[in-house]
Structures are given as structure tokens and as C-alpha cells.
Engineer: 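Here it is, the structure, as C-alpha cells.
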Amino acid sequence: MQIKVLVLGAGGFIGSHLVKKLKQEGFWVRGVDLKYPEFCPTEADNFIIGDLREQIVCREVLDQPFDEVYQLAADMGGAGYIFTGENDADVMHNSALINLNIVELAHKHKVKKIFYSSSACIYPKYNQEEPNNPKCSESSAYPADPDSEYGWEKLFSERLYLSFYRNYGLEVHVARFHNVFGPEGTWTGGKEKAPAALCRKVAETNDGGVIEVWGDGKQTRSFLYIDECLIGVRKLMDSDFTGPVNIGSEEMISLNEFANMVAGISGKKIHIKNVPGPEGVRGRNSDNDFIAEKLNWKPTQSLITGMQKTYTWIEDQVKKQEKNNLIKSD
Ligand code: NAD
């Protein structure tokens, strides 16, 4: 019998890539989202447009004992969305409602296993104050002090899934993603994250021009290419390891160095102007000891390899948009 999989958030960046991967692996896939994927048609066998905050929608989409459920739906975005404070109520309320609905139905319908996508944003601020020495090992999550309401909701929902595992035996797998990037992700409009935002800014700027980078540019992060993220997710789901576990890269880079990397990829000479803006913690990096120990795997691809593919894709989007704007103004 063909394995039946449900992907929630299948119209989003990671979800749409995951659907493609699951189809390549031969699964039957149902996708659900508020919208279809923006940049290419979905490959899901069945795609339902629906709002997972509504119980009635959740009951419609999670109506059978799926072999696997991947819960990626969340109200989220990059620093410009989650660190300004303006979206806090929506971020907490919308994502928590989705998770409360889904975990209960997964239990009720005897789903064989469920994946939950948590985030590096759950890690405490006090361990991420030094750009060059952040601590993000899984065991450092408590005492909790996430830097955003987004992180608090993720921590709550991790605990929600884990309590269904403990009390009802629901097979749960929880990963904490660290800045996943790649082609076919949001690249404009305010919800884009740093890799896409930098690619867009560089692609829109002429040789010798200036781009703005939020903060002093010394804040550090690591970024994981989508293909490696999905390998990690599938390995976690195929294991008997519950997590939570980091799925991220250990190649830490400052934001200014990152901007220079993108400029180098573009072949343009670009000047950086650091401006005040939402920036989150000073330093963050994945710690991959636990995933290496439990799954005998960790991501290895260099940041620049993934960024070359991502820049090429975003440059293409920028050119298409400029062409469309020209046609409209004719
Ligand atoms: P995304 O925003 O591209 O995808 C999330 C999808 O959820 C969107 O398509 C959105 O329409 C959908 N959604 C939101 N509210 C919904 C609702 N009420 N009903 C139905 N669908 C709804 O984000 P992504 O980058 O693909 O992230 C996927 C998951 O991974 C999210 O849970 C996110 O918090 C988590 N995560 C991502 C990263 C990252 O760097 N991309 C890092 C840490 C955690």
C-alpha cells in the first residue's frame, strides 16, 4: 500500500519543497495551506486550500490515519515580521490555534507519526549575547527566554506535541530549524528572511551601489540550504528519535560578511550601509553534536554553494518583476 502523507503549510517555502521530495520518494501526498505555492505548481496529489485555525477545516483535512503528517504551517516571517512587535498577537494566536487543532486530531485519528517544525528562536537570549560565542545546544533551552513571541509560541507547541507523545503515545518528531533558505522562498514583501533579502537588495542594485544591512552587521547567524534541511527532516521521521533536535548549519557568519558574500556572487562591487532595524539576538549558530549522535548525520554543504543557487533564482525574479513593471508603465 502506498504511504499516505499530509503536509500542512504545503504552499509555503519548506512545505512546497518537502512535497516535491515526498513525491520523488513515491508517497501519496495531500497538501494544505491558505494558498498554493507561489513560484511553481504544487506536486501534491491532492491540495486543499483552507485555514487551519478553523477546527472544521482541520477535521476535513485530517480525516484518516495518515502514515505521516508534517506540520509546517505557521504565521511567520523574517526579522521585519517577527521582531517589530507589530505582529505578536497574530503570530502567537494563529500558530498556537493550528497546533492545538492538529495535535488533537492526529491523536484522535491515530496518525502513525507527526513532524513538528520548531525553531532556533526558542533558545534563550542570555546565551546569544556574544556574536562569536552563542550557545544553542538542545539542552540549553531552559530556563526559557526566547527573543520573540514567535519563539515562545514555538516552545509552547514543542511542549504540546511532546505532552501528547508522553500521555497518549502519539509518535512525535520535533526539529528546531535554523534559518533555512533556497530558491522558491519569499524574497520580497516584508516576510522575506536575511538570505533572500540580501540577494534581492544586491540584485536590485547597480555595480558600485549601496545596500542597507540592519544593525551594525556584526550580528552572526548560520543558514541551512533547503535540500539539506529536508534530508534532516526525513532522517528524523525515519528514526525512533523524538527530539527536539537542531536542524541547521554550523557555518556561522556575520551579516556584513554575508552581504559581502552575496555581492561577490553577483560580481558587483557593493557598499554596505548599516542602518537601525529589527535584528534579534547578537549571535546564533546551530550546534549539531546531538543530531550527529542520534542520527549519525549532519549537514555539510557550504553556505556559498547554496547562496549561488539562491542568488541566481532571486536575480531572475527581480528581472522578471522589472520587465513586468516596464510593460505596465508602457
Ligand atoms: P512559510 O511562511 O513559507 O510557510 C508557512 C506556510 O504556512 C505558509 O504557506 C502559510 O500560508 C501557511 N499558513 C499560515 N497560517 C496558516 C493557516 N491558518 N492555515 C493554513 N496554512 C497556514 O515558512 P517556511 O519557511 O516554509 O517555514 C515552515 C515552518 O518551519 C514554519 O512552521 C516555520 O515557523 C518553521 N521554521 C522555518 C525556518 C526558516 O528559516 N524557514 C526557521 C525556523 C522554523
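Counting convention: from 1, in listed order, for ligands and their atoms alike. Quick note: residue numbers are just sequence positions, from 1.
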Engineer: Check the angle between the aromatic planes of F164 and H107 and answer parallel, tilted or perpendicular using the 30° and 60° thresholds.
Structural biologist: perpendicular
Engineer: Is K193 touching ligand 1 with its side chain, its backbone, both, or neither, if touching means heavy atoms under 4.0 Å apart?
Structural biologist: side chain
Engineer: Parallel under 30°, tilted from 30 to 60°, perpendicular over 60°: which one fits the rings of F223 and F258?
Structural biologist: parallel
Engineer: May I ask you to decide whether K125 forms a salt bridge with E129, counting only side-chain N to carboxylate O separations under 4.0 Å?
Structural biologist: no
Engineer: Which option wins on minimum heavy-atom distance to atom 36 (N) of ligand 1: Y70, Y81, Y150, F13?
Structural biologist: Y150
Engineer: Give the residue, atom name and distance (to 0.1 Å) of the protein heavy atom nearest atom 42 (C) of ligand 1.
Structural biologist: F177 CB, 3.6 Å
Engineer: Just to check, does G77 reach to within less than 4.0 Å of ligand 1 when the distance is taken from its heavy atoms?
Structural biologist: no
Engineer: Look at atom 27 (O) of ligand 1 and say which protein heavy atom is nearest, naming residue and atom and giving the distance to 0.1 Å.
Structural biologist: I14 CD1, 3.8 Å
Engineer: Which atoms of ligand 1 have any heavy atom of N179 under 4.0 Å away?
Structural biologist: 40 (O)
Engineer: Among all protein heavy atoms, pick out the one at the shortest distance from atom 40 (O) of ligand 1; state its residue, atom name and that distance to 0.1 Å.
Structural biologist: V180 N, 2.6 Å
Engineer: Run the contact test for G50 against ligand 1 with a 4.0 Å cut-off on heavy atoms, strictly below, and give the result.
Structural biologist: yes
Engineer: So if I count the atoms of ligand 1 from 1 in the order they appear, which ones are less than 4.0 Å from some heavy atom of K35?
Structural biologist: 9 (O), 11 (O)
Engineer: Please work out which of A74, S16, A73 has its closest non-hydrogen atom nearest to atom 14 (C) of ligand 1.
Structural biologist: A74
Engineer: Using a 4.0 Å heavy-atom cut-off, which part of I98 comes near ligand 1: side chain, backbone, both, or neither?
Structural biologist: side chain
Engineer: Could you verify whether a donor N or O on one side chain and an acceptor N or O on the other, from Y116 and R176, lie under 3.5 Å apart?
Structural biologist: no
Engineer: Tell me: protein heavy atom nearest atom 4 (O) of ligand 1, and distance?
Structural biologist: G12 CA, 3.5 Å
Engineer: Using distance alone, determine whether S117 and ligand 1 share an N or O pair under 3.5 Å.
Structural biologist: yes
Engineer: Counting only heavy atoms not in K323, do more than 12 sit closer than 6.0 Å to its NZ atom?
Structural biologist: no
Engineer: If the cut-off is 4.0 Å to any non-hydrogen atom of S118, which atoms of ligand 1 fall inside it?
Structural biologist: 43 (C), 44 (C)
Engineer: Report yes if some N/O of V32 lies less than 3.5 Å from some N/O of ligand 1; otherwise report no.
Structural biologist: no
Engineer: Just to verify, which of D216, N132, T220 counts as forming a side chain to side chain donor-acceptor pair (under 3.5 Å) with R282?
Structural biologist: D216
Engineer: Quick one: are the ring centres of F66 and F27 less than 6.0 Å apart?
Structural biologist: no
Engineer: For ligand 1, which atoms, with element, lie under 4.0 Å from some heavy atom of R53?
Structural biologist: 18 (N)
Engineer: Return the option from L34, D51, D90, D33 holding the heavy atom at the smallest distance from atom 10 (C) of ligand 1.
Structural biologist: D33
Engineer: Determine whether the side chains of N285 and E250 contain a donor N or O and an acceptor N or O closer than 3.5 Å.
Structural biologist: no
Engineer: Does any donor atom in the side chain of D63 or H109 lie under 3.5 Å from an acceptor atom in the other side chain?
Structural biologist: no
Engineer: What is the closest protein heavy atom to atom 28 (C) of ligand 1, and at what distance does it sit?
Structural biologist: L72 O, 3.4 Å
Engineer: Can a side-chain donor-acceptor contact be found between D90 and Y81 if the only test is distance below 3.5 angstrom?
Structural biologist: no
Engineer: Please state which protein non-hydrogen atom is closest to atom 19 (N) of ligand 1 and give its distance, to 0.1 Å?
Structural biologist: L52 N, 2.9 Å
Engineer: Could you find the nearest protein heavy atom to atom 38 (C) of ligand 1 and give me its residue, atom name and distance?
Structural biologist: M76 CE, 4.0 Å
Engineer: Take every heavy atom of K154, measure it against each atom of ligand 1, and state whether any distance is under 4.0 Å.
Structural biologist: yes
Engineer: Is a side-chain donor-acceptor pair under 3.5 Å present for R53 with N94?
Structural biologist: yes
Engineer: Show me which atoms of ligand 1 lie under 4.0 Å from any heavy atom of G11.
Structural biologist: 9 (O)
Engineer: Within 45 degrees of the axis of the six-membered ring of W313 and under 6.0 Å from its centre: does K320 put its NZ or CZ there?
Structural biologist: no
Engineer: Can you tell me which residue among D45, T42, V5, L18 is in a side chain to side chain contact (heavy atoms under 4.5 Å, CB included) with K23?
Structural biologist: D45
